[in-house]
Colleague: 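Shown below is the structure under consideration.
Basis for what follows: all heavy atoms, side chains included, without hydrogens, waters or symmetry-related copies.
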Amino acid sequence: MKRIGEKLYTLRKKHGLTIRQLGEKLQISHAQVSRIENGISQPSAALFLRMADFFGVDVNQLMRDELEVE
């Protein structure tokens, strides 16, 4: 799960969202979004599910480093 921050950043940019906007959509603080994107913290299982649902991707695409997000 080392690449979750990179994947979250890619998806956020693809959807044209700021860190603050994504935080609001996921019901977390913008600071937490930033920490995840920068590899400082990892999302909880519940947050992984919310992210996958929001972006319309499979949870495995987010969690597994070898899988890419589109």
Colleague: Look at the side-chain heavy atoms of Ile, Leu, Val, Met, Phe, Trp and Tyr, link any pair under 4.5 Å apart, and say whether V59 and L8 land in one connected group.
Modeller: yes
Colleague: Sequence neighbours excluded, which residues qualify as side-chain contact (heavy atoms from CB on, under 4.5 Å) partners of D58?
Modeller: N60, Q61
Colleague: Using atom types as modelled and distance alone, determine if a side-chain donor or acceptor of K2 lies under 3.5 Å from a backbone N or O of G39.
Modeller: no
Colleague: Return the minimal non-hydrogen interatomic distance between L62 and A52, and the atom names on each side.
Modeller: CD1-N, 3.7 Å
Colleague: I'd like to check Q32 versus L47 (side-chain heavy atoms, cut-off strictly below 4.5 Å). Are they in contact?
Modeller: yes
Colleague: Check whether any side-chain heavy atom of Q42 sits under 4.5 Å from a side-chain heavy atom of M63, and report yes or no.
Modeller: no
Colleague: Please determine whether residues L17 and I4 belong to a single hydrophobic cluster, defined as Ile, Leu, Val, Met, Phe, Trp and Tyr linked transitively by side-chain heavy-atom distances below 4.5 Å.
Modeller: yes
Colleague: State which residues pass salt bridge (Lys or Arg N to Asp or Glu O under 4.0 Å) with E24; sequence neighbours excluded, sorted by chain then number.
Modeller: none
Colleague: Are the side chains of K14 and V69 in touch, meaning some heavy atoms are under 4.5 Å apart?
Modeller: no
Colleague: Just to verify, what does A45 make a side-chain contact (heavy atoms from CB on, under 4.5 Å) with, not counting sequence neighbours?
Modeller: none
Colleague: Test: ring pair (Phe, Tyr, Trp, His ring centres under 6.0 Å). Region: residues 12-43. Which pairs qualify, not counting sequence neighbours?
Modeller: H15-F55
Colleague: Check whether any side-chain heavy atom of M51 sits under 4.5 Å from a side-chain heavy atom of L11, and report yes or no.
Modeller: no
Colleague: Any salt bridge (charged side-chain N to carboxylate O under 4.0 Å, His left out) pairs touching residues 28-38, not counting sequence neighbours?
Modeller: R12-E37
Colleague: Are Y9 and V57 grouped together when hydrophobic residues (ILVMFWY) are joined by side-chain heavy atoms under 4.5 angstrom apart?
Modeller: no
Colleague: How long is the gap from CD1 on I36 to CG on L26, to the nearest 0.5 Å?
Modeller: 8.0 Å
Colleague: Examine distances only and state if a side-chain atom of E6 and a backbone atom of R3 form a donor-acceptor pair shorter than 3.5 Å.
Modeller: no
Colleague: Are I40 and I28 joined in one hydrophobic group, where the rule is that I, L, V, M, F, W and Y side chains link up if heavy atoms are under 4.5 Å apart?
Modeller: no
